[in-house]
Number of protein chains: 2
Amino acid sequence: MSAIPFPRGKTRELPFPDWMRTVQTRIEATLSRLLPPAEAIPARLHQAMRYASLNGGKRVRPLFAFAAGELTGGSPEKLEIVSSAVELIHAYSLVHDDLPCMDNDVLRRGRPTCHVEYDEPTALLVGDSLQSLAFELLARTDLGSESANSARQLEMVRLLAHASGSSGMAGGQAIDLGAVGNVLDQPELELMHALKTGALIRAAVMLGALCGETLSDEARESLDRFAKRAGLLFQVVDDILDCTVSTATLGKTAGKDAVDEKPTYVSLLGLERAREFADELGKQALDSLAIFGERGQRLIELTAFITHRKF
Amino acid sequence: MSAIPFPRGKTRELPFPDWMRTVQTRIEATLSRLLPPAEAIPARLHQAMRYASLNGGKRVRPLFAFAAGELTGGSPEKLEIVSSAVELIHAYSLVHDDLPCMDNDVLRRGRPTCHVEYDEPTALLVGDSLQSLAFELLARTDLGSESANSARQLEMVRLLAHASGSSGMAGGQAIDLGAVGNVLDQPELELMHALKTGALIRAAVMLGALCGETLSDEARESLDRFAKRAGLLFQVVDDILDCTVSTATLGKTAGKDAVDEKPTYVSLLGLERAREFADELGKQALDSLAIFGERGQRLIELTAFITHRKF
């Protein structure tokens, strides 16, 4: 995984690592502000929602949203809200995926999973409530006051709902369920990941871009092409890390895909070819950004980060 | 439960029983049209989503939405969509509530529950996907074309999301979880039900009214007061039916509240006083409709139906 250089300090403002930390800090603060207070009734549910959403995660989807927001000059205040909405959908999916009837996992972000720390019925309601909250955030009046903004916000709801449901993330999870113990070919595996991980990353990119100036149809298509490749890249790297990095480094149970007989890019292609495929996806993603020139710098840096990450 | 007469044939159009059947038929057809086709990938998930949403239920929330739509002259096409969105939230909540880690119920609407007919992980994803679809429907472009409508649709998303999440339906379910085996007093029981059942019925009423002319603040407050009382009435009658009617008639396991040591209005007040309380709620609900005159006729009839229902 060395074909893409890791650029730093090229943009007008912060170097990438500082920008990344800034976004992560903003998201943590925004989620903490927008989630119901821990003491609000029902307190146990609200504590568990905060446990499942705060203090952790790479915040990859918010990073994509903020980086895409730089293409169109979206305001940080709007980007905070849409990023939080996408991140809440991601957080809900982790809570439900970890449940005993699903992946039955006990460790997430280095801590006990939500149903272990609380209990199963609470974890179920946590996921359900985080999903509702995501859509409530996108419909907030402070996300836009003019009527043109209302149409934008509705488009965001439509995109995020579609990306979350049976034609998106949850649908990918269903294909994954049906695939355990089976051999998928590469197109089948790509469809599964395009839905399971890719759809939400695409939504993050599009929602981020929708926080600023309107993109031309051509630019929008290029951006969506980028998002599709970057989403798949993220998953391929995830598969590689699952079989090469320790549980302590990952913060979740390593090697679990193989134990669970889950189809992955590594099981399909072998480690070396999986790495080559990741490089190829990275190049394709960057090609799609050419149309944006300098404004695409954060997305370029983020793609490099996704490729080179070690956790 | 005889204080409220069951009016019929008083409105300009269909007698109430025919109107009710018409709404129920429309909702069945609309849900069937708006749910993903059973053969679309992932087919098993889509089949299970249709299994959990079609062929059953009294469609109480759509009835409330349509009846409220008559107050403001909402178009049937809009009412179909918002009613379907509310009904999908209700359907998702039933699927999740029936799961083994929750109520562990095997019978619903006279058929095996979703996780019995399919499996637990599929049922989990069915609930998650039905929730996403509900919000996708409210953001559909055919629900309104002008920008004023976009603001209305956003308000609907906000109302439905709030009613579904931790400050609404899911929050009520969390209070219910914590209450098993405990004695709640009447204010605590009312809060639980105001969230668990009441919030979604209020949302149904408000979304239905939002399909037509704008209500004055006073009318809106009256309507919300009606919806709160009617939602609680619905729950009290539910508690009464659970301990007085057979499983075959209910289409779900009867007497389960007592077995599960769940607090109900019957366990709190006794059967006779629970019936009196239902009568009182019905009268309060009807009082709130006085401001609407003739246009409130369907809501009056629906309140009577809710009170006198036998299943």
Side-chain angles (χ1 to χ4, degrees), chain A residues 36 40-42 44-46 49 89 92-93 96 99-102 115 119-141 147-148 150-151 153-158 160-175 177-178 191 195, chain B residues 36 40-42 44-46 49 89 92-93 96 99-102 115 119-141 147-148 150-151 153-158 160-175 177-178 191 195:
Chain A
I41 292 175
R44 188 176 164 82
L45 175 61
H46 288 140
M49 286 170 72
I89 294 285
Y92 115 64
S93 78
H96 280 186
L99 282 171
C101 75
M102 279 297 208
H115 67 276
D119 55 69
E120 270 187 71
T122 299
L124 180 62
L125 293 173
V126 163
D128 292 344
S129 302
L130 292 176
Q131 178 171 189
S132 305
L133 183 58
F135 293 108
E136 198 176 345
L137 294 191
L138 289 186
R140 281 171 71 97
T141 47
S147 60
S150 295
Q153 283 179 259
L154 268 190
E155 188 177 356
M156 292 177 178
V157 172
R158 212 156 46 233
L160 188 61
H162 194 78
S164 305
S166 68
S167 304
M169 186 183 72
Q173 188 67 15
I175 295 174
L177 280 178
L191 173 65
L195 299 181
Chain B
I41 293 175
R44 188 176 163 82
L45 175 60
H46 288 140
M49 286 170 72
I89 294 287
Y92 116 63
S93 78
H96 280 187
L99 281 171
C101 75
M102 278 299 207
H115 66 277
D119 53 71
E120 268 187 73
T122 299
L124 180 61
L125 293 173
V126 163
D128 292 344
S129 302
L130 292 176
Q131 180 172 187
S132 304
L133 183 58
F135 294 109
E136 197 177 346
L137 294 191
L138 288 187
R140 282 172 71 98
T141 47
S147 60
S150 295
Q153 284 179 260
L154 269 189
E155 188 177 356
M156 291 176 179
V157 171
R158 212 157 47 235
L160 187 62
H162 194 77
S164 305
S166 68
S167 304
M169 186 184 71
Q173 187 67 14
I175 295 174
L177 280 178
L191 173 65
L195 299 180

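Every value quoted in this text rests on a predicted model; they were computed, and no experiment measured them. Residue numbers begin at 1 in each chain, while the letters A, B, ... track the order of the sequences.
Using a 4.5 Å cut-off between heavy atoms, A:Met49 contacts chain B through its side chain alone, with no backbone atom that close. In this structure, chain A has no heavy atom under 4.5 Å from any part of B:Leu137. Residue A:Leu160 does not touch chain B at all, counting heavy-atom pairs closer than 4.5 Å. Heavy-atom distances place both the backbone and the side chain of A:His162 under 4.5 Å from chain B.
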* To do: Please report the C-alpha distance between B:Leu138 and A:Val157 in whole Å, then the side-chain angles of each, then the deciding distance to 0.1 Å, and finally whether the side-chain contact (heavy atoms from CB on, under 4.5 Å) criterion is met.
  => CA-CA 9 Å; B:Leu138 288 187; A:Val157 172; over 6 Å; no
* Could you go through the side-chain contact (heavy atoms from CB on, under 4.5 Å) check for B:Leu45 and A:Ile175 one step at a time? => CA-CA 9 Å; B:Leu45 175 60; A:Ile175 295 174; over 6 Å; no
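With chain B as the partner, the residue from A:Ala40, A:Pro42, A:Ser93 showing the most heavy-atom pairs under 4.5 Å is A:Pro42. Counting heavy-atom pairs closer than 4.5 Å to chain A, the top-ranked of the candidates B:Met156, B:His46, B:Met169 is B:His46. Here B:Leu125 is the residue among B:Ile89, B:Leu125, B:Thr122 with the most heavy-atom pairs under 4.5 Å with chain A. Options B:Ser166, B:Ala174, B:Ser129 differ in how many heavy-atom pairs under 4.5 Å they form with chain A, and the most are formed by B:Ser166. Between chain A and the residues B:Gln131, B:Arg158, B:Glu155, B:Glu120, the largest count of heavy-atom pairs under 4.5 Å involves B:Gln131.
Ring geometry, B:Phe135 versus A:Phe135: the interplanar angle falls under 30°, so the pair is classed parallel (tilted spans 30 to 60°).
The structure places CE of B:Met102 at 4.5 Å from CG of A:Leu124, a figure rounded to the nearest 0.5 Å. Annotation: the span from A:Leu191 atom CG to B:Ile41 atom CD1 amounts to 6.5 Å, rounded to 0.5 Å.
For B:Ser150 against A:Ser150, the heavy-atom pair with the smallest separation is CB-CB, 3.8 Å.
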